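Scroll down for the structure; my scribbles are underneath it.
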Amino acid sequence: VANHRTYRHHGGAQDMHVILHDTPARTQSFVTDCLRHALPVSAPNAYRLMLIAHHAGRSLLMTAHRELAEMYRDRLAGHGLHVTLEPTLN
């Protein structure tokens, strides 16, 4: 997915993709608001990421070292969103 953010950490930690899955039980505006407040993204980017998940079933939110990726996953999951982590191939 183009334009996603990558956060690097030089400690040997495995980089992880943070993936948002479509969550039909939540409204589009709710998901967009959650993304805006839980991640370092602008409102237009949060809306775009939500739409990708809505239409494609999943959206790559960012790539970050494991600890940061887990923090963002947990934040979003706390709002009832379906978010998973996948290891990068580096």
Side-chain angles (χ1 to χ4, degrees):
V1 173
N3 298 326
H4 80 281
R5 293 179 184 250
T6 301
Y7 296 88
R8 297 276 178 220
H9 174 68
H10 300 290
Q14 170 73 44
D15 284 344
M16 303 295 287
H17 295 307
V18 181
I19 309 292
L20 171 68
H21 299 268
D22 186 28
T23 310
R26 302 290 186 214
T27 65
Q28 292 180 357
S29 61
F30 178 82
V31 174
T32 300
D33 287 344
C34 289
L35 294 175
R36 278 187 47 232
H37 293 100
L39 303 175
V41 296
S42 66
N45 280 336
Y47 181 75
R48 181 184 59 81
L49 291 166
M50 176 280 302
L51 277 182
I52 292 169
H54 179 70
H55 292 292
R58 55 188 269 147
S59 178
L60 175 59
L61 299 179
M62 68 171 54
T63 301
H65 66 88
R66 179 180 292 277
E67 292 169 355
L68 186 59
E70 289 173 346
M71 181 192 72
Y72 285 124
R73 178 204 55 204
D74 294 347
R75 270 190 199 174
L76 292 167
H79 292 287
L81 303 183
H82 181 194
V83 180
T84 58
L85 302 179
E86 296 178 2
T88 62
L89 300 176
N90 60 352

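Keep in mind that the numbers below use all heavy atoms, side chains included, and drop hydrogens, waters and symmetry copies. What you see is a predicted model; the values in this text were computed from it and never measured.
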As a quick check of understanding, evaluate side-chain contact (heavy atoms from CB on, under 4.5 Å) for Leu81 and Cys34, giving each step before the final call.
CA-CA 9 Å; Leu81 303 183; Cys34 289; 3.8 Å; yes
For side-chain contact (heavy atoms from CB on, under 4.5 Å), just list the numbers for His17 and Leu85, CA-CA rounded to whole Å, side-chain angles, deciding distance to a tenth of an Å, and then say yes or no.
CA-CA 5 Å; His17 295 307; Leu85 302 179; over 6 Å; no
Can you check side-chain contact (heavy atoms from CB on, under 4.5 Å) on Arg48 and Leu51, steps first, answer last?
CA-CA 5 Å; Arg48 181 184 59 81; Leu51 277 182; 5.8 Å; no
Between Val18 and Thr63, is a side-chain contact (heavy atoms from CB on, under 4.5 Å) present by the stated rule, with each step listed?
CA-CA 6 Å; Val18 181; Thr63 301; over 6 Å; no
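Minimum heavy-atom separation, Pro40 to Met62: CD-CE, 4.0 Å. For the residue pair Leu35 and Ala46, the shortest heavy atom distance occurs at CD1-O, 3.5 Å. In terms of heavy atoms, Ser59 sits closest to Ala53 at CB-N, 3.6 Å. Shortest non-hydrogen contact noted between Val31 and Arg26 is CG2-CB, 3.8 Å.
Every residue meeting the side-chain contact (heavy atoms from CB on, under 4.5 Å) condition with Ala38, not counting sequence neighbours, appears here in chain and number order: Arg75, Leu76. Every residue two or more places apart in sequence or in another chain was checked for a salt bridge (charged side-chain N to carboxylate O under 4.0 Å, His left out) with Asp22, and none qualifies. Evaluation of the side-chain contact (heavy atoms from CB on, under 4.5 Å) rule for His82 yields His21, Thr23, Thr84 as partners, not counting sequence neighbours. Annotation: side chain to side chain donor-acceptor pair (under 3.5 Å) contacts of Arg58 (sequence neighbours excluded): Glu86. Here Gln28 pairs with His54 under the side chain to side chain donor-acceptor pair (under 3.5 Å) rule; sequence neighbours left out.
Screening residues 36-47 for salt bridge (charged side-chain N to carboxylate O under 4.0 Å, His left out) gives Asp33-Arg36 as the qualifying pairs, with residues at least two apart or on separate chains.
In this structure, the separation between CE on Met71 and CZ on Arg66 is 15.0 Å, given to the nearest 0.5 Å.
With Leu49 as reference, Leu61 is the one residue of Leu20, Leu60, Leu61 to meet the side chain to side chain contact (heavy atoms under 4.5 Å, CB included) rule.
Side-chain atoms of Ser42 and Tyr47, non-hydrogen and from C-beta on, never get closer than 4.5 Å to each other.
A 6.0 Å sphere centred on CZ of Phe30 holds more than 12 heavy atoms belonging to other residues, nucleotides or ligands.
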